[in-house]
Each structure stands twice: as structure tokens, then as C-alpha cells.
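In what follows, a structure is listed as C-alpha cells, so that the remarks can point back to it.
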Amino acid sequence: MSVTVLYFASLRDAAGVASETLPLPASLPALYENLREKHGFSLPAQRLRVAMDGEFVDWNAAPREGAEIAFIPPVSGG
Amino acid sequence: MSVTVLYFASLRDAAGVASETLPLPASLPALYENLREKHGFSLPAQRLRVAMDGEFVDWNAAPREGAEIAFIPPVSGG
Amino acid sequence: MTRFALSDAAFDPAPLRRRLQSPQAGAFASFEGWVRDHHAGRAVLGLRYEAYAALAEAEGLRIIAEATRRFDIADAACVHRVGGLAPGEMAVWVGVSAAHRGPAFDACRWILDEVKSRVPIWKHERYADGSSDWLHPE
Amino acid sequence: MTRFALSDAAFDPAPLRRRLQSPQAGAFASFEGWVRDHHAGRAVLGLRYEAYAALAEAEGLRIIAEATRRFDIADAACVHRVGGLAPGEMAVWVGVSAAHRGPAFDACRWILDEVKSRVPIWKHERYADGSSDWLHPE
């Protein structure tokens, strides 16, 4: 019962890894708060979007077993 | 005491020449009305602009001896 | 660099674009007008642009200079074809560089609109039914 | 033809432009974003774009499809660089063909704005003072 979390941009620099495998969390906000504490992310959840298996999802979406979860910091392409 | 008149687009087709030399006219509107009668131009003066010596001028501008005068039908570039 | 020119042959906009480039400019907007194969429901075989060249070039340069005053842009240029063109050919090109995208887009569109309404260039279309017409829009 | 793509090397927009061309389209608007040598008063030596590639490509294609529904256009495409770029290099290209100029300009600008706000791509700038930063705009 696990998920893979992907890190990008400042989150990846803070985490020091591009991804990690973690136990299936109760919720996406709970997962982010744990990771924020663990890695010292400065961005609050309100400034992020979240994606599961390559699609943007609502923060209320239930984490799926085996899912690839990415927290998306504010983008700056273009 | 003469001016050169240049014709473009439908005016040139109607006049059958690209330019002609004419006696210095009393005014630009009078010149156009004469030419309209002579060549059968369908466009009324209100739909034209007028240029003298390569610059747009007001219809009230006084025709200058030796000037190059062009009546500019509605443009359709682009 | 001449910022407004008439061209009597097909031209490549790439070198024009390069001359508008600068390390301060983060945005480049451009427009190309292509000859359509239809106009007002009639099939167009080809067209011819005629210009009052001296006045067209002077008026085109005035438009570019005005755009540089009205909009926060780095540079701008426009080239318009004259002579015969077939459907698909490029009739006009406008390019604008600027620090930011808003003025680049706004100026590009403004220059195109002004060229279409002020520069003494006329389009003569030949149609598939054998007829042809000078376009003198209302 | 892929209408949204990430490119890890410099690319030439000319073939992309050609694929958007059609005899029904009279208008082609395009935009290029170039790397500026300054940002917020600091001299920029270079930058790096990182993307969440799978999601960026899916979201980019959604934007193009949405633009085709919202605007009366013929076709549209966008390419965004990833990896390291020097000042003056092209970071993003958007091209839109349409029957008329209004929708071509409007859709080009809309696509660019949506890409900037929705596609998971991040910019990392390196400054002349030795510092560097991820840009996460408010």
C-alpha cells in the first residue's frame, strides 16, 4: 500500500530527490503537510496544485494505491 | 502652368493611363470633378483622399505649379 | 534597417525577425497575411497588389514611428508585397519586439490595422469565373 | 503533427509555421518568448526550464484543443523549450492560422497566457551576482 511522490523545481531542491515512495496517505493535504514538515517546503498547500497519475485532481481526491502523485508549485513557463 | 496627375487601381483602369499632365487647376475638388467627367470615374470625391508631391493633403490645399497630384481610392492592402 | 518596405518578390521574414531581436526584448509578436483562395464566396485564382510606392513607403514608416511612440516596444518592421501573388503566398508581414508580451501583441495588431487602412496599396483579384476586381472597401 | 511539444534543444519554427498554412487561412499570428538578460533588475546569465513532461504535454494539448473551440481559427501549435537556455534564446513559440486576423491574434495571446498559467513548467534563473532562483509567481 504505497504511492510515489514526484518533486519539481523548488520542491525537488528542498527534498533533495526527484521522487520517493511512501505509504498510502489518508488524504492529499495530509500527505503534503507531512512532507512539508519533513523536507522544510516553504510553499503552503494553498499555493500548489496537485496531480495524480498525470492529471490535475482536486485536493479532496482520494489517494489511490500505487498512484503517482505530484505537488505542482506555481508554474513559470513562457 | 501645369500639374501631373497620377492614377492608381480602378482610376487608372478607367483613365487608361497611369498619369497625365494638365493645366494648373483652380482647386483639387474642381480638378477631380473634371477628371471624373472626362474618364467616367465611378468613385465620388468623398471616398477619396488626395496627395500632393508624395504627401497626403487636405482637399482644400491649393494646387501648386508643377505638383504631382494623386487621387487615392480606398486602399485594400494587407 | 528599413522598417517599412514594399517587395516585388516573395521574401523570407527570418532575417527581418533577427534584426528586431535584442537581449532586452523578451517578447516577439508577428503577423503574416496570406492570400486566400476565396473572397466573398468567389474562388480566387490570384491577385495583384499595386502601390503608390513613394507615398506608401513614407506612410508605412510614419506608422512604425507612431507605433514606437504609442506602445512600449523595442522595435518593429513591416514588409508588404506588390505585384502578382498566388493563393497561399504571403502578402504582408509585421514583426514587433518588446520587453513584454502585451505591448508586442497590441503594437503588431495596431500596425497591421493602420497599414490596411492608410497605406496606398490596392488589391486586384482575379476570380475563377473569369472576372476580376479592384477592391475599394467602403 | 503534434500541436504541443516540449523541446530540449533549440528549434526552428519555420516547419511548424508551414504545417499551419492552408489556402483558406488568410491570417497567421505568432509569438516568440525570448530569454531576457535582466529580471527584476538583476542581470540574468542563463536559465533552465524544468517540466513535468507527461502532464505538461497533456495540458498543452488541452489548451490547443480549447483554443480551437473558443476561437474561429484554422489551426494552432505551441512548442516550449526545456533544459538550459542563454539570453536571447527562444523559450516558447505559439503559432495560429485563421481565416481572419482578429481570431488569429486573440487565440495566439490566449494560448500563450494559458500556457504560462497552467502548464507545469518552471524557470530557474542564474544571476550575475552568483545567486539563482526558481520562479514561483504569486
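By convention in this document, chain letters (A, B, ...) are assigned in the order of the sequence lines, proteins followed by strands, and residues within each chain are numbered from 1. Every value quoted in this text rests on a predicted model; they were computed, and no experiment measured them.
At least one donor-acceptor pair closer than 3.5 Å links the side chain of D:Ser7 to the backbone N or O of D:Ala9.
With 3.5 Å as the limit, one finds no donor-acceptor pair spanning the side chains of D:Glu57 and D:His80.
Residue contact with chain A, scored on non-hydrogen atoms closer than 4.5 Å, is absent for D:Ala56. In this structure, the portions of D:Trp122 lying under 4.5 Å from any heavy atom of chain A include both its backbone and its side chain. With a 4.5 angstrom heavy-atom cutoff, D:Tyr52 touches chain A via backbone and side-chain atoms both.
Remark: D:Arg42 is positioned above the aromatic ring of D:Tyr127, its terminal NZ or CZ atom under 6.0 angstrom from the ring centre and at most 45 degrees off the axis. With D:Tyr49 as the aromatic partner, D:Arg81 does not meet the cation-pi criteria of under 6.0 angstrom to the ring centre and within 45 degrees of the ring axis.
In terms of heavy-atom pairs under 4.5 Å with chain A, the best-connected choice from D:Val115, D:Val94, D:Val119, D:Asp113 is D:Val119. Of the listed residues D:Arg48, D:Arg62, D:His124, the one with more heavy-atom pairs under 4.5 angstrom with chain A than any other is D:Arg62. By number of non-hydrogen pairs under 4.5 angstrom with chain A, the leading residue of D:Lys123, D:His136, D:Glu138 is D:His136. Your options are A:Leu43, A:Asp13, A:Val75, A:Ile72, and the one with the most heavy-atom pairs under 4.5 Å with chain D is A:Val75. Chain D forms the most heavy-atom pairs under 4.5 Å with one residue out of A:Gly78, A:Ala70, A:Ala51, and that residue is A:Gly78.
Ion pair D:Glu125/D:Arg36 not flagged as a salt bridge, since none of the NZ, NE, NH1 or NH2 atoms sits closer than 4.0 Å to an Asp/Glu carboxylate oxygen.
Here the options are D:Leu47, D:Ile121, D:Leu135, the test is side-chain contact (heavy atoms from CB on, under 4.5 Å), and the partner is A:Ser76; only D:Leu135 passes.
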